[in-house]
Amino acid sequence: MEDQKPDDFKRELGLLDGTMLVVGSMIGSGIFIVSSDMVRQLGSAGWLIAMWVLTGTITVIAAVSYGELSAMFPKAGGQYVYIKEAYGKLIGFLYGWSFFAVIQTGTIAAVGVAFAKFAAYLYAPLSDKNILYEIGDFKLNAAQLVSIFTIILLSYVNSRGVKNSKILQTVLTVIKILSLAGLIIFGFMAAKAEVWDANWTNAWTSQALNVETGSWLPISGTALISGISAALVGSMFSSVAWEGVTFIAGEIKNPKRNVGLSLFLGTLIVSVIYILANIMYLAVVPLYDIATAESDRVAVVASQSIFGSVGTLIIAVMIMISTFACNNGLIMAGARVYYTMAQDGVFFKKAAELNHASVPAWSIWAQCIWASALCLTGKYGDLLDFVVIIVLIFYILTILGIFILRKKMPDAERPYKAFGYPFLPALYIVVASAICIALLYTKTSTSGWGVLIMLVGIPVYYLTKAKE
């Protein structure tokens, strides 16, 4: 087993599978929830749509920029490989460390918690209010058990081979796209002119909602920057995880073409769906009701407005399918990074083994255990802040890596070149860096912890290196 090489992965995934993995990993629970907080932060229709358009634009720019790297290094491990090639082993390790400690497992946990939140709609005892065990400050609730159960179940499916998880991913993602499209279409059919007109009056007046008094306060200057960065956490979190397809490049047919194309098509499809969904929210739900939706479930409020009382159940089922498919994609892709790191000697040796089904089962189960532990924290919002800042830092480093590798490896084969180079990749770096600085400034406690966990990787790297 130990002498198996990455080539032992089976190339069983085509362009459709790659695109469905991108779409399926991106659309989780965010689009159904985060717009509520975004409206509380910025208080206007124009700003809400502007944030989603900005997020969509820079996400597609980043994804097409990755196309150049994925064509240069068409092997398992994706983003980890690009960072290691551009910056060397230490920064590569820091990415892998952050990926295992926070990025992938934190996202899997947040999506699992969201699945459980909506499962409680169908069966109330599954709610996080149902406390099963208490010791000191720690409370174990039913929702945490539900989220852990789904993570274990999907880890098991993925450990049985890529074919099962591929079929599950494609079927669930197609259902997810069709149901979201249906919600958007029915939403526009049920649009109310008075709601639409009221929402778009003073569309660019930025204001924050004072939750205690229920009144809007005009914001500008630093408060506006703070509001924008807080709002962007939501839309950015809803638009991460598209790079998952680069991790499984070792299992994609014709990866030099299909990985880059999957990235472009997947991010474009999702960005368009997200923008349309938010325009639909504004057509059926008054701005104040979006901001004050119970538990931020803006999609539930919209669905009740469109379908009546049955709307709640429709959304609950949609989100359960959506988050289930999302976690399947995250679990499938994540394990390939630890596998490649272990091959490089910077992760547990066992992670470098493939099982009889040609998948890195040990990596899948290690990821499962840590993500399940993170579910026990149960705080969806904090998990988002942790994850977003680190994801953005490594997106920036990866895209900067395109410039570095063009200098470092000028003669390397580049079947595909970054679209709009150097202008668009540079634009991404500037915008994403500004968002990171704003996040550290406005959400120091949570974002700061995320950065601290990343930096702890430096001594870990040297301690483990010394033992080699």
Side-chain angles (χ1 to χ4, degrees), residues 6 62-63 65-107 240-244 246-247 249 333-348 351-352 363 367 370 386-410 412 414 418 422 425-426 428-437 439-440 447-468:
S65 299
Y66 271 47
E68 174 170 323
L69 299 168
S70 67
M72 282 176 76
F73 307 108
K75 52 190 173 186
Q79 188 170 357
Y80 160 72
V81 176
Y82 316 154
I83 289 174
K84 187 192 73 179
E85 293 287 349
Y87 302 97
K89 266 194 169 177
L90 169 62
I91 307 294
F93 172 79
L94 274 191
Y95 171 70
W97 159 265
S98 307
F99 188 81
F100 182 76
V102 181
I103 298 174
Q104 201 73 350
T105 47
T107 307
V240 297
W242 46 264
E243 72 281 7
T246 70
F247 305 146
R336 274 63 181 173
V337 177
Y338 323 130
Y339 168 84
T340 309
M341 287 175 70
Q343 293 264 330
D344 287 345
V346 291
F347 201 67
F348 301 107
S363 293
Q367 172 179 259
W370 182 236
F386 269 160
V387 171
V388 167
I389 181 110
I390 304 188
V391 171
L392 278 176
I393 288 169
F394 283 110
Y395 281 169
I396 293 163
L397 284 175
T398 308
I399 289 172
L400 194 56
I402 298 170
F403 295 84
I404 292 169
L405 288 169
R406 286 214 182 176
K407 293 259 187 310
K408 213 170 164 184
M409 304 180 181
R414 288 176 172 80
Y428 179 86
I429 291 166
V430 170
V431 173
S433 300
I435 295 167
C436 281
I437 292 163
L439 275 178
L440 273 174
S447 294
W449 273 110
V451 174
L452 189 66
I453 291 169
M454 175 180 78
L455 295 176
V456 166
I458 297 174
V460 172
Y461 173 76
Y462 286 109
L463 287 169
T464 52
K465 202 172 183 298
K467 288 179 189 167
E468 274 179 30

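What's counted below: heavy atoms across the whole structure, side chains too, no hydrogens, waters or symmetry copies. Only a predicted model underlies this, so the values are computations on that prediction, with no experimental measurement involved.
What you find for Cys436 and Ile389 is that their closest heavy atoms are O-CD1, 3.6 Å. Minimum interatomic distance between Pro425 and Ala418 (heavy atoms only, all atoms of both residues): CG-CB, 4.4 Å. Pairing each heavy atom of Ile404 with each of Ala86, the nearest pair is CG2-O, 3.7 Å. The two atoms that bring Gly244 and Ala333 nearest to each other are O-CB, 3.5 Å, heavy atoms only. Nearest approach of Val337 to Gly77, heavy atoms of both residues: CG2-O, 4.1 Å. The two residues Gly334 and Gln367 come nearest to each other via the heavy atoms CA-OE1, 3.4 Å.
Residues Tyr82 and Ser70 have side chains in contact (heavy-atom distance under 4.5 Å, counting atoms from C-beta outward). Under the 4.5 Å side-chain criterion, counting only non-hydrogen atoms from C-beta, Ile393 is in contact with Met454. Side-chain contact check for Arg414 versus Arg406: some heavy-atom pair is nearer than 4.5 Å. No side-chain heavy atom of Val240 sits under 4.5 Å from any side-chain heavy atom of Ile103. Side chains of Leu94 and Tyr87 form no contact here, defined as non-hydrogen atoms less than 4.5 Å apart.
The line from OG of Ser65 to CG of Leu400 is 11.5 Å long, rounded to the nearest 0.5 Å. We find the CD1-CG distance between Ile429 and Leu397 to be 9.0 Å, quoted to the nearest 0.5 Å. Of the inter-residue distances, the one linking Phe247 atom CZ with Lys75 atom NZ reads 15.0 Å to the nearest 0.5 angstrom. Here the CD atom belonging to Glu243 is positioned 7.0 Å from the CZ atom belonging to Phe99, to the nearest 0.5 angstrom.
Note on ring orientation: taking the six-membered ring where Trp is involved, the planes of Tyr461 and Phe93 are tilted (angle from 30° to 60°).
Residue Leu69 forms a side-chain contact (heavy atoms from CB on, under 4.5 Å) with just one option from Ile83, Ile402, Ile399, and that option is Ile402. Only one option out of Thr340, Thr398, Asp344 pairs with Tyr80 in a side chain to side chain donor-acceptor pair (under 3.5 Å); it is Asp344. Remark: of the listed residues Tyr395, Phe394, Phe347, Phe394 is the sole one forming a ring-ring contact (aromatic ring centres under 6.0 Å, His included) with Tyr95.
A donor-acceptor pair under 3.5 Å links the side-chain atoms of Thr105 to the main chain of Phe100, judged by distance alone. Trp97 contributes no side-chain N or O that, together with a main-chain N or O of Ile458, makes up a donor-acceptor pair within less than 3.5 Å. Distance alone, capped at 3.5 Å, is enough to place a donor-acceptor pair between the Lys408 side chain and the Glu85 backbone.
For Phe348 and Tyr338, the ring centers are positioned 6.0 Å apart or more.
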